[in-house]
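Each remark here refers to the structure printed beneath this line.
Since the structure is predicted, the reported quantities are computational estimates derived from the model, not experimental observations. Chain A is the first sequence line, chain B the second, and so forth, proteins listed ahead of strands; every chain is numbered from 1.
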Protein chains: 2
Amino acid sequence: MMDTKTQTDLCPAPLVFAMIGGKWKLTILQILIFHGTKRFGELRREIDGITQTMLTKQLRALEDDGLVQRQIYAEVPPRVEYNATDDALALRPAFEAMHSWWVGRRAPSTSK
Amino acid sequence: MMDTKTQTDLCPAPLVFAMIGGKWKLTILQILIFHGTKRFGELRREIDGITQTMLTKQLRALEDDGLVQRQIYAEVPPRVEYNATDDALALRPAFEAMHSWWVGRRAPSTSK
DNA sequence: CGGTATCCACCATGATACTG
DNA sequence: CAGTATCATGGTGGATACCG
């Protein structure tokens, strides 16, 4: 027998998803985690299809959850850089686990 | 330098989330993966707050994605059992990675 | 350049009632 | 017991316009 605890106890994945489950959050995190610091404009250009509004929203949400750090430079023209926090970097195993699962699954694309 | 591939190439997490990102899907999967086969009513009772409608919908979606298998017994009263497929069972490392991250993170609950 | 302020559309969630 | 059908709603996502 495994346990009789609540699901959240054993599986906080719903909570994790609440933090990184936005439409663009994973993409943003992936870039910042695996590619390092990026400026706002760089992110916007690298994430195809995202609007400024959404990029800002998702970045703010990630910042609020302590996954992204914002660095503002008082220059002209303005420069703002984003980078993954240690918390975010610690997500790499989770990313890799999902990656492995995705590529290793037996039903990648059925005839359907 | 790490790579110049697209995000999806390196990180299919958005696709993974599309499959298991529903509000209850993870909880359902967790139960079926770690506790084995369950009847419809059992799931409903074990997942606090879920309605029949939602349970059915999420189960159907999981079934469509090959993560859950449905077994119908032609009995009276009717009995329907659900169990995780091999694909779903292969998600365990991902679950565990998220679990480790959650419990190991440095900002579990700030003073805020 | 890097935002914020509005407003809107859609879809996932869910409440409720009925059924084989 | 295990659903389906229907309808309501709220939050996420997004288009657009303006600002420091």
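- A donor-acceptor contact under 3.5 angstrom links the side-chain atoms of B:Thr53 to the base of C:dT16.
- When heavy atoms are screened at a 4.0 angstrom cut-off, A:Glu81 is found touching no nucleic acid atom at all.
- Within the 4.0 angstrom heavy-atom criterion, only backbone atoms of the sugar-phosphate kind lie near A:Gln58; the bases stay farther away.
- Each of C:dG2, D:dA2, C:dC1 was ranked by its minimum atom distance to the side chain of A:Val80; first place goes to C:dG2.
- Nearest approach of A:Val80 to A:Arg70, heavy atoms of both residues: CG1-CG, 3.6 Å.
- In this model, the phosphate group of D:dG3 is not approached by any side-chain N or O of B:Arg79 to a distance below 4.0 Å at OP1 or OP2.
- The interatomic distance linking B:Leu62 (CG) with C:dA12 (P) rounds to 14 Å, in whole Å.
- Atom-to-atom, CG of B:Asp64 to P of C:dA12 comes out at 13 Å; the value is rounded to the nearest Å.
- D:dA2 atom P lies 12 Å from atom CD of B:Glu46, rounded to whole Å.
- Panel note: side chain B:Trp101, backbone A:Arg92; no donor-acceptor pair is recorded below 3.5 Å.
- Taking side-chain N and O atoms only, A:Arg70 has no distance below 4.0 Å to OP1 or OP2 of C:dG2.
- Between B:Arg39 and A:Gly49, the residue anchored nearer the 5' end of DNA chain D, judged by the nucleotide with its closest heavy atom, is B:Arg39.
- Using a 30° and 60° split on the angle between ring planes, B:Phe17 and A:Phe17 fall in the parallel class, below 30°.
- Across all strands, B:Tyr82 comes closer than 4.0 Å only to sugar-phosphate atoms, never to a base (heavy-atom distances).
- Distance B:Leu55 CG to D:dT4 C1': 14 Å, rounded to the nearest Å.
- Side-chain atoms of A:Gln52 lie closest to C:dG2 of the nucleotides C:dG2, D:dG13, D:dT4.
- Under a 4.0 Å N-O distance rule, the pair A:Glu81/A:Arg79 qualifies as a salt bridge.
- B:Ile47 places its CD1 atom 15 Å from the C1' atom of D:dA2, with the value rounded to the nearest Å.
- As judged by a 4.0 angstrom heavy-atom cut-off over every strand, A:Thr51 is placed among residues touching the sugar-phosphate backbone only.
- A:Lys57 has its NZ atom 15 Å from the P atom of D:dT16, to the nearest Å.
- Nearest heavy atoms, A:Ala88 versus A:Leu29: CB-CD2, 4.1 Å.
- Toward the 5' end of DNA chain D, the nearer of the two residues A:Met54 and A:Pro78, judged by each one's closest nucleotide, is A:Met54.
- In this structure, B:Tyr73 places its OH atom 13 Å from P of D:dG3, rounding to the nearest Å.
- Residue B:Trp24 places its side chain closer to C:dG14 than to any other of D:dG20, C:dG14, D:dC1.
- A distance-only check finds no donor-acceptor pair linking the side chain of A:Thr85 to the backbone of A:Gln69 [under 3.5 Å].
- Contacts of B:Arg44 with the nucleic acid, taken as non-hydrogen atoms under 4.0 Å apart, are absent.
- Residue A:Thr56 places its side chain closer to C:dG3 than to any other of C:dG2, C:dG3, C:dT13.
- Residue-level contact check: B:Arg45 touches neither bases nor backbone, having no heavy atom under 4.0 Å from any strand.
- In this entry the distance linking CG of A:Leu59 with P of C:dG2 reads 11 Å, nearest Å.
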